[in-house]
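Structure first, commentary second.
Residue indices begin at 1 and follow the sequence shown. If you're wondering where the values come from, they're calculated on a predicted model, not measured in any experiment.
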Amino acid sequence: SLEYGKSSKCAALRRAEIHAQNSGKDPRHVPVPRNVDDDICKMVADIHLSPYSGKEVASASAMSNQGKLKIDRMEKELSALTSSAMSYKSMYAKSASQMAAEAMSACESEASSSKKIRKTVIESSSKQVAAA
């Protein structure tokens, strides 16, 4: 890979290879110290068991309680908002069908009261004129 890096068309890669060769500290050839006894799963389990040191436990529990209170308050607000939004409250006293029925009955009562029956009696009298 050193020869590939030196002959590469990429100037940044060529500079990095030349620098690594000249400095003698090529990070790809330095062994990484590893602890074979510990597994990442064990480390994660240890972190979950004791995530804080002694002084941090009190502040962490206080913050956790504050977070729970905030979540409870927000859930109550959400449930109140949802219940008020879901219940329909009309600003009108009557529905359209009730208003229509009242209008029809008022129209009928007005029509019946305005009908006046006039009885006109025509009398005709005929005069007989005596012709003499």
Side-chain angles (χ1 to χ4, degrees):
S1 74
L2 290 173
E3 294 302 321
Y4 171 77
K6 288 179 187 176
S7 64
S8 174
K9 291 182 180 179
C10 179
L13 184 58
R14 284 196 310 266
R15 281 195 307 271
E17 290 295 342
I18 292 170
H19 176 70
Q21 186 181 14
N22 292 340
S23 66
K25 298 177 182 175
D26 191 358
R28 293 174 294 180
H29 301 292
V30 176
V32 178
R34 291 183 185 252
N35 188 356
V36 185
D37 297 336
D38 273 342
D39 187 15
I40 188 69
C41 296
K42 292 180 185 176
M43 294 176 80
V44 170
D46 289 343
I47 289 172
H48 281 296
L49 289 176
S50 60
Y52 305 108
S53 66
K55 294 180 181 178
E56 295 174 335
V57 172
S59 64
S61 64
M63 288 175 51
S64 174
N65 289 337
Q66 287 177 353
K68 288 178 184 177
L69 288 174
K70 185 177 179 181
I71 289 172
D72 289 339
R73 181 178 50 84
M74 291 173 76
E75 284 179 349
K76 286 178 184 176
E77 285 181 19
L78 179 64
S79 64
L81 180 67
T82 304
S83 64
S84 69
M86 294 299 285
S87 62
Y88 175 72
K89 296 175 186 136
S90 175
M91 60 185 228
Y92 301 107
K94 298 176 185 174
S95 68
S97 61
Q98 289 173 339
M99 289 173 36
E102 286 181 7
M104 289 298 290
S105 65
C107 183
E108 288 174 0
S109 66
E110 183 182 332
S112 66
S113 67
S114 68
K115 288 182 183 176
K116 293 181 181 176
I117 301 172
R118 291 186 186 178
K119 291 184 179 179
T120 56
V121 178
I122 300 174
E123 294 180 15
S124 62
S125 61
S126 60
K127 293 183 182 177
Q128 293 180 351
V129 177

I would like to know whether Asp72 and Glu75 meet side chain to side chain contact (heavy atoms under 4.5 Å, CB included); could you show each step before the answer? CA-CA 5 Å; Asp72 289 339; Glu75 284 179 349; 4.0 Å; yes
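- Lys68 NZ to Ser61 OG: the interatomic distance, rounded to the nearest 0.5 Å, is 9.5 Å.
- Of all heavy-atom pairs between Ser83 and Ala80, the closest is OG-O, 2.9 Å.
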